[in-house]
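To start, the structure under review is shown below, and the notes come after it.
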Amino acid sequence: MVTIRALRRSAGLVAAALVLTACGSSGGSDSGEQAGDPSFEGRGPITFVAGKDTTGTVQAALDRWNRLHPKEQVSFIQLPTDADSQRREMIQNAETKSDAYTVLSLDVVWTSEFAAHRWIEKLPENQFPLRKMLKPVVETAEYRGALYAVPFSSDGGLLYYRADLLKKAGIAGPPTTWSRMKADCAKVKRLPEAKDMSCYAGQFRKYEGLTVNFSEAVQSAGGVVTDAGGKPDVDTPEAKKGLDFLVGSFKDGTIPKEALTYQEEGSRRAFQSGKLIFLRNWPYVYSLARKSNVAGKFAVAPLPGLNGPGSSSLGGHNLALSSFARNKATAMDFMKFFTSQDSARTFLKDAAFAPSYAALYDDASLTKEYPYLRVLKQSIETAVPRPRVVRYGEVTSAIQQQAYAALTGVKSSEQALRTLQQDLRR
Ligand code: GLC
């Protein structure tokens, strides 16, 4: 249906692909009635560029599109798993103005940078059902009040835990504070089968995941990395308490040293192989862990914090259209298809991707299969976005440097936070 409408629209196309003036202010309209819809031209093969598909579900979704669009095939270009390498490759492609990449799966933290450099097209808001999506998720796709990408999947940090072992150790439910989590680990580790397990891990290698884990620790202790006005405010006692939790946990063995090498996948594998009692990770892990050794043995809870529940960094991916691509009309249709509510439902069912559509979190058949969906919705709605800045690459690199220096004992928490505050201000 979308395709036929789009085809009709494209029939009257004029050349300029950049005539995108209809974007109003932020918030999104799903009326589809706005006069003078901007359109993109060109139909034919396109590419979809994203990080390596660790869930093994993306190609099947692309195949569904390809079966319906034999003359507008999409091929999948998989980049490395870590966000920083993906960003670098996408920027390289943009800087050479290459048309090799059409639709980009952009990490939510890159929108400003890519939009400001005009590496991605401004998109007509009235072409996407943004009102049905979670507001904070839509905001990650905007830059200066205009839409530059379409929410594909969201992400909120979750605490995976070994419910079987907690139960066996006589613990009633998952911890909501860090100190409870440590106390629970002490009890669990008295069980013979758990004596060699480590308590907790997240992602602590020097890459984007460290920025996420550091920010979550700071927020979960009542601090901020940047304040509401976007100014850095990380040299505070609260931020120190957050960083100290991580530093202290490495020192006392709560977090195993190995976790300094963990990205999402390494930490997932450690949890699945029974090395960890608690794991901070994203929703996708649910779909894989339930097919693993720990199937039926784990559950999911909100992240813990210093004095009560913690707070997540807002993660996720949006689809953006490369400014240098060909076949932009096809790309627009593909983006509509891939970000539709049906597609989000399939990705939730098959890969446990957090949907951007509000309704899916309250759908009874889905909450039955994914009992933590309400927890996740709350985690996303209250999640804190990482700094929305054009020079995000420099911001995240500064955070990674200083957080890693503190975790490895090269600097004290205080020194690291002071330097970070100076670096961010600059
Ligand atoms: C996930 C999140 C993304 C984040 C990355 C960090 O892919 O969706 O937002 O930057 O993890 O490793």
Side-chain angles (χ1 to χ4, degrees), residues 49-55 57-58 78-91 104-114 133-134 136-142 149-160 201-217 219 225 259-270 279-288 303 311-320 339 344 347-348 351-356 376-377 379-381 383-389 392-400 403-404:
V49 187
K52 185 172 180 309
D53 173 25
T54 49
T55 63
T57 56
V58 173
Q78 298 191 57
L79 301 181
T81 40
D82 73 289
D84 307 63
S85 311
Q86 292 162 24
R87 174 176 164 273
R88 263 194 304 277
E89 296 208 14
M90 286 182 186
I91 292 179
L104 308 174
S105 173
L106 273 199
D107 195 310
V108 291
V109 282
W110 305 332
T111 312
S112 304
E113 183 178 26
F114 278 64
M133 299 180 180
L134 300 172
V137 176
V138 174
E139 283 168 1
T140 67
E142 295 171 337
V150 192
F152 169 58
S153 68
S154 186
D155 247 345
L158 297 169
L159 185 72
Y160 291 83
Q203 297 75 41
F204 303 107
R205 185 192 285 224
K206 203 194 280 176
Y207 80 116
E208 187 61 34
L210 179 56
T211 298
V212 167
N213 280 259
F214 165 81
S215 307
E216 287 176 349
Q219 289 152 211
V225 177
L260 288 170
T261 67
Y262 286 168
Q263 300 186 10
E264 281 77 6
E265 281 295 272
S267 62
R268 173 178 73 81
R269 281 191 292 267
L279 167 71
R280 179 255 171 247
N281 214 324
W282 305 107
Y284 85 95
V285 166
Y286 194 88
S287 71
L288 299 170
L303 295 175
S311 116
S312 168
S313 268
L314 183 57
H317 289 84
N318 303 322
L319 300 194
T339 60
F347 274 112
L348 169 59
F353 283 177
S356 36
L376 178 61
K377 186 181 185 190
S379 151
I380 291 172
E381 279 177 328
V384 181
R386 281 159 278 168
R388 279 204 187 112
V389 289
Y392 184 76
E394 289 165 66
V395 167
T396 187
S397 153
I399 296 175
Q400 294 169 32
Y404 197 78

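Start at 1 and go down the list; that is how both ligands and their atoms are numbered.
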(Q) Taking the basic N atoms (NZ, or NE/NH1/NH2) and the acidic carboxylate oxygens, is any pair closer than 4.0 Å for Glu208 and Arg87? (A) no

Q. Does ligand 1 have a heavy atom under 4.0 Å from the side chain of Arg205, from its backbone, from both, or from neither?
A. neither

Q. With a 4.0 Å heavy-atom cut-off (strictly under), which part of Gln263 contacts ligand 1: side chain, backbone, both or neither?
A. neither

Q: On the 0 to 90° scale, with breaks at 30° and 60°, tag the Phe152-Phe347 ring pair as parallel, tilted or perpendicular.
A: perpendicular

Q. Given Ser267, which of Gln203, Arg280, Arg205 fulfils the side-chain hydrogen bond (donor to acceptor under 3.5 Å, both in side chains) condition?
A. Gln203

Taking only heavy atoms of [X] into account, list the atoms of ligand 1 that are under 4.0 Å away from them.
X: His317; result: 7 (O), 8 (O)
X: Gly315; result: 8 (O), 9 (O)
X: Glu264; result: 5 (C), 6 (C), 11 (O), 12 (O)
X: Gly209; result: 6 (C), 12 (O)

Q: Check whether any side-chain heavy atom of Arg386 sits under 4.5 Å from a side-chain heavy atom of Ile399, and report yes or no.
A: no

Q. Less than 4.5 Å apart, any side-chain heavy atom of Phe353 and any of Thr55?
A. yes

**Q.** Min N/O separation Gly316 to ligand 1 under 3.5 Å
**A.** yes

Q. Backbone or side chain, does any N or O of Glu208 fall under 3.5 Å from an N or O of ligand 1?
A. no

Q.
Can you report which non-hydrogen protein atom sits closest to atom 11 (O) of ligand 1, along with the distance?
A. Trp282 NE1, 3.1 Å

Q: Could you tell me the residue and atom name of the protein heavy atom closest to atom 2 (C) of ligand 1, and the distance to it rounded to 0.1 Å?
A: Asp155 OD2, 3.3 Å

Q: Assess the side chains of Gln400 and Thr396: does a donor N or O sit below 3.5 Å from an acceptor N or O?
A: yes

Q. Under 3.5 Å, is there a donor-acceptor pair between the side chain of Tyr207 and the main chain of Ala83?
A. no

Q. For Gln86, what residues pass the side-chain hydrogen bond (donor to acceptor under 3.5 Å, both in side chains) criterion, not counting sequence neighbours?
A. none

Q. Does Asp107 come within less than 4.0 angstrom of ligand 1, counting non-hydrogen atoms of the residue?
A. yes

